[in-house]
There are 2 protein chains.
Amino acid sequence: MSHCHTLIQNLRQNGYRITPQREMIIESLAHQPGHQTAEQVFDQVKTRTRSVNIATIYRTLDLLVSQGLATRTSLCEGEVVYATRQHGPHIHLVCRQCGCLINADSGLMVGVSDQLQALYGFDADLQHISITGLCTACQHNSPQGG
Amino acid sequence: MSHCHTLIQNLRQNGYRITPQREMIIESLAHQPGHQTAEQVFDQVKTRTRSVNIATIYRTLDLLVSQGLATRTSLCEGEVVYATRQHGPHIHLVCRQCGCLINADSGLMVGVSDQLQALYGFDADLQHISITGLCTACQHNSPQGG
DNA sequence: CTCCTTGCAAAGCCTTTGCACGCTG
DNA sequence: CAGCGTGCAAAGGCTTTGCAAGGAG
């Protein structure tokens with residue numbers, strides 16, 4: 001069964017009302033494998049009903065984030081994406097050419113994180129890292145670089 | 001002598017005209033130690049003349065970026081900053097609480113970069129990494145988190 | 001002289017907000 | 001029943017664009 005029930009329970013326990021809109025938004029977000037923009041969630045929800053407004057999408061996503069049930073990440077190109085917390089921390093690899101998004105293991109960053117703490121006293125949030133670069137396909141498509 | 005002359009030469013050689021506006025914008029960007037938003041560059045330039053429009057700031061910054069003379073980075077909070085390339089690659093540490101910006105040595109990322117290439121075939125651009133977290137001061141100010 | 005670059009202002013994009021009605025609990 | 005949540009539409013912030021005049025080369 002799906003993770004979205006946990007999210008819904010969580011909201012309910014915190015005194016928030018569960019409306020059909022919120023259910024659909026949560027399901028759309030939770031059932032997708034990766035990250036989605038508000039617009040993408042909107043499109044998903046629209047396939048099931050026309051009676052949801054984009055403002056409600058934003059409000060619900062913000063609610064989930066404020067409750068710690070979802071994350072909001074600003075990718076390097078300025079695109080803002082949301083995801084439920086089920087995925088756990090990971091690094092976003094964003095291709096600067098084709099825009100594709102790869103989720104990498106954030107364990108790779110643990111060493112760096114420790115060093116940032118030691119050298120700069122900075123407590124890095126491994127949940128929110130995104131790195132720009134070129135994916136495999138685009139490296140081969142542009143041997144000279146852009 | 002300043003780095004901005006190199007930038008200006010470079011533009012000229014590529015057939016772009018050097019206007020007083022472009023000179024001032026380049027100087028403002030090059031003489032600042034770190035990164036600046038378009039608005040900050042605008043403010044800088046305004047201290048020297050009133051006859052520059054914000055649209056010109058955006059157009060010139062975009063020109064510099066398209067010519068590879070400057071970088072455009074979207075920090076984790078969605079703020080877009082520009083910098084000339086003289087600073088070399090570095091990591092942006094953005095405090096999610098006070099918003100302060102620390103430049104860290106991107107050498108820390110070399111190992112991670114290699115692993116991303118090996119594991120995901122991803123060629124990370126070390127020039128554009130930004131990491132959210134808490135700076136030293138804010139770690140002590142918010143022992144319980146927000 | 002040619003035409004690139006600029007200022008102005010309006011438009012554009014994405015996101016947020018005010019309001020009254022409807023629905024959840 | 002109480003009041004939170006919604007749709008609608010307008011506003012908001014930041015950035016881009018169309019146009020005619022002006023300046024660089």
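Within every chain, numbering begins at 1; the chains are lettered A, B, ... in the order of the sequence lines, protein sequences first and strands thereafter.
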Roughly how far, to the nearest 0.5 Å, is the CG atom of L93(A) from the CG atom of L134(A)?
11.5 Å
Separation of M24(A) CE from T47(A) OG1 (nearest 0.5 Å):
9.5 Å
Does the dG25(D) base have a donor-acceptor partner in the side chain of R12(B) within less than 3.5 Å?
no
Check: R50(A) side chain, dG7(D) base, donor-acceptor under 3.5 Å
no
Of the nucleotides [options], which has the atom closest to the [X] side chain?
{"X": "T56(B)", "options": "dT6(C), dA9(D), dG18(C)", "result": "dT6(C)"}
{"X": "N53(B)", "options": "dA9(D), dT2(C), dG7(C)", "result": "dG7(C)"}
{"X": "P20(A)", "options": "dG5(D), dG18(D), dT24(C)", "result": "dT24(C)"}
{"X": "R17(A)", "options": "dG25(C), dC8(D), dT17(D)", "result": "dG25(C)"}

Take atom [atom1] of [X] and atom [atom2] of [N], then tell me their distance rounded to the nearest Å.
{"X": "I57(B)", "N": "dC14(D)", "atom1": "CD1", "atom2": "P", "value": "15 Å"}
{"X": "L63(A)", "N": "dG5(D)", "atom1": "CG", "atom2": "P", "value": "7 Å"}
{"X": "R59(B)", "N": "dC8(C)", "atom1": "CZ", "atom2": "C1'", "value": "10 Å"}
{"X": "M24(A)", "N": "dG7(D)", "atom1": "CE", "atom2": "P", "value": "9 Å"}
{"X": "I54(B)", "N": "dT17(D)", "atom1": "CD1", "atom2": "P", "value": "15 Å"}
{"X": "D62(A)", "N": "dT17(C)", "atom1": "CG", "atom2": "C1'", "value": "12 Å"}
{"X": "E39(B)", "N": "dT16(D)", "atom1": "CD", "atom2": "P", "value": "13 Å"}
{"X": "L61(A)", "N": "dT6(D)", "atom1": "CG", "atom2": "P", "value": "11 Å"}

Quick check: on DNA chain D, is the nucleotide nearest A38(B) upstream (toward 5') of the one nearest I18(B), or the reverse? Name the residue that is more 5'.
A38(B)
Between V80(B) and T19(B), name the one whose nearest nucleotide on DNA chain D is closer to the 5' end.
V80(B)
For dG23(D), does OP1 or OP2 lie under 4.0 Å from any side-chain N or O of Q21(B)?
no
Looking at D62(A) and R59(A), is any side-chain nitrogen of the basic one under 4.0 Å from a carboxylate oxygen of the acidic one?
no
Testing T132(B), V94(B), I102(B) one by one against F122(A) for a side-chain contact (heavy atoms from CB on, under 4.5 Å), which residue passes?
I102(B)
Test side chain to side chain contact (heavy atoms under 4.5 Å, CB included) applied to K46(B) and D43(B), step by step
CA-CA 5 Å; K46(B) 272 194 295 192; D43(B) 288 341; 3.6 Å; yes
